[in-house]
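See below for the structure under consideration.
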Amino acid sequence: QVQLQESGPGLVKPSETLSLTCTVSGGSIINYYWGWIRQPAGKGLEWIGRINTSGSTNYNPSLKSRVTMSVDTSKSQFSLKLSSVTAADTAIYYCARENGDYGLYVYWGQGTLVTVSS
Amino acid sequence: DIQMTQSPSSLSASVGDRVSITCRASQSINNYLNWYQQNPGKAPKLLIYAASNLQSGVPSRFSGSGFGTDFTLTISSLQPEDFATYSCQQTYSTPRTFGQGTKVEIK
């Protein structure tokens, strides 16, 4: 069974960079797209972007100037960096595997709350 | 970006009720539409993919329909464990976009 686990600081100061890592276990990281989705408290899901194991990325244009994703296949990990954060970036951040032609998100991490505050 | 609009944003229903949630895309997405269920504090769970295909392990009371811009998720007989938030997502193009969610509450 594929499992994903987010890790990283739960508190980030305004203007700093949010950094999260997702570790994949129970399956290969190769030949999939891996995505990041976030959800502010009481609000809907927002797709941040995705990366494949060749390093090809797609970012949400609303965040593109601040987002960087990377992948480390040797560690079965992929990462998210979001720069110049503000309180509006406070959310639960999920990592997930995008699967197949229809881009299904079957496997998700449990989510990690990141709060932006001084 | 393709905008996804769900309606209603919330609804109250009783156990055994038939419930329908609609999702409209701002442009045609063929059948690149997935539905998710989310309980508080949990990650979303895939229910329906490609507009009308039931994900493995999902009860048959859930069904999806639609093509192009208009889609519907139907729960034929609401069960206690179905009280949750439901979200649609288009995967026709990037950025993948979600609807704002529909909260199904107990009447």
Side-chain angles (χ1 to χ4, degrees), chain A residues 1-6 10 20 22-24 32-52 56-67 69 80 82 91-113, chain B residues 1-10 21 23 25-26 29-58 64 66-67 71 84-105:
Chain A
Q1 177 77 341
V2 176
Q3 294 185 318
L4 290 81
Q5 178 68 57
E6 304 91 350
L20 295 174
C22 184
T23 301
V24 180
Y32 289 100
Y33 271 98
W34 301 90
W36 290 96
I37 299 100
R38 70 180 183 179
Q39 186 171 37
K43 296 189 177 181
L45 298 158
E46 179 180 29
W47 188 82
I48 301 171
R50 67 176 187 172
I51 185 168
N52 70 9
S56 177
T57 56
N58 299 100
Y59 299 146
N60 192 323
S62 68
L63 299 168
K64 187 174 184 176
S65 64
R66 300 193 290 130
V67 170
M69 294 183 184
L80 167 71
L82 181 66
I92 295 174
Y93 285 74
Y94 295 100
C95 59
R97 191 181 86 176
E98 186 173 302
N99 194 50
D101 293 340
Y102 285 90
L104 320 181
Y105 286 95
V106 176
Y107 300 107
W108 295 70
Q110 65 185 23
T112 187
L113 174 62
Chain B
D1 300 3
I2 298 174
Q3 308 303 315
M4 306 301 294
T5 303
Q6 282 182 241
S7 61
S9 55
S10 66
I21 299 167
C23 182
S26 60
I29 57 170
N30 292 343
N31 65 335
Y32 286 80
L33 190 285
N34 305 319
W35 288 99
Y36 296 87
Q37 177 193 62
Q38 190 176 20
N39 288 297
K42 299 292 188 182
K45 172 188 173 183
L46 178 68
L47 297 177
I48 301 284
Y49 65 94
S52 61
N53 294 273
L54 195 67
Q55 172 66 5
S56 175
V58 174
F67 190 90
F71 302 86
T85 297
Y86 295 85
S87 299
C88 60
Q89 180 206 23
Q90 67 81 20
T91 54
Y92 181 79
S93 65
T94 60
R96 310 314 201 191
T97 43
F98 292 88
Q100 79 277 19
T102 296
K103 187 173 183 179
V104 177
E105 299 175 301

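The chains referred to below are lettered A, B, ... by the order of the sequence lines, with proteins before strands, and numbering in each begins at 1.
- Of the residues considered (B/A43, B/G41, B/P44), B/P44 shows the highest number of contacts with chain A, using heavy-atom pairs under 4.5 Å.
- The candidate from A/G44, A/G111, A/G100, A/P61 with the greatest count of non-hydrogen atom pairs under 4.5 Å with chain B is A/P61.
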Full working for side chain to side chain donor-acceptor pair (under 3.5 Å) between B/Y32 and A/D101:
CA-CA 9 Å; B/Y32 286 80; A/D101 293 340; over 6 Å; no

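- Contacts between B/Q6 and chain A at a heavy-atom distance below 4.5 Å are absent for every atom of the residue.
- Heavy atoms of B/Y92 lying under 4.5 Å from chain A are absent altogether.
- Neither the backbone nor the side chain of B/K103 comes within contact range of chain A; no heavy atoms are under 4.5 Å apart.
- Interface remark: B/P40 contributes no atoms to any contact with chain A (heavy atom separation under 4.5 Å).
- With contacts defined as side-chain heavy-atom distances shorter than 4.5 Å, the pair A/I37/B/F98 qualifies.
- To the nearest 0.5 Å, atoms CG (B/D1) and CH2 (A/W47) are separated by 9.5 Å.
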For the pair A/W108 and B/L46, evaluate side-chain contact (heavy atoms from CB on, under 4.5 Å) and give the outcome as yes or no after the intermediate values.
CA-CA 10 Å; A/W108 295 70; B/L46 178 68; 5.8 Å; no

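- Only the side chain of B/Q89 comes within less than 4.5 Å of a heavy atom of chain A; its backbone N, CA, C and O stay farther away.
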Quick one, B/Q38 with A/L45, criterion side-chain contact (heavy atoms from CB on, under 4.5 Å). Give me CA distance, side-chain angles, the key distance, then yes/no.
CA-CA 10 Å; B/Q38 190 176 20; A/L45 298 158; 4.3 Å; yes

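- Both the backbone and the side chain of A/N60 come within contact range of chain B, each with at least one heavy atom under 4.5 Å from a heavy atom of that chain.
- Rounded to the nearest 0.5 Å, atoms OH (A/Y102) and CD1 (B/I48) are 14.0 Å apart.
- Within the 3.5 Å criterion, the main-chain N or O of A/Y105 finds no donor-acceptor partner in the side chain of B/N34.
- Heavy-atom pairs under 4.5 Å with chain B peak, among A/K43, A/Q39, A/Q110, at A/Q39.
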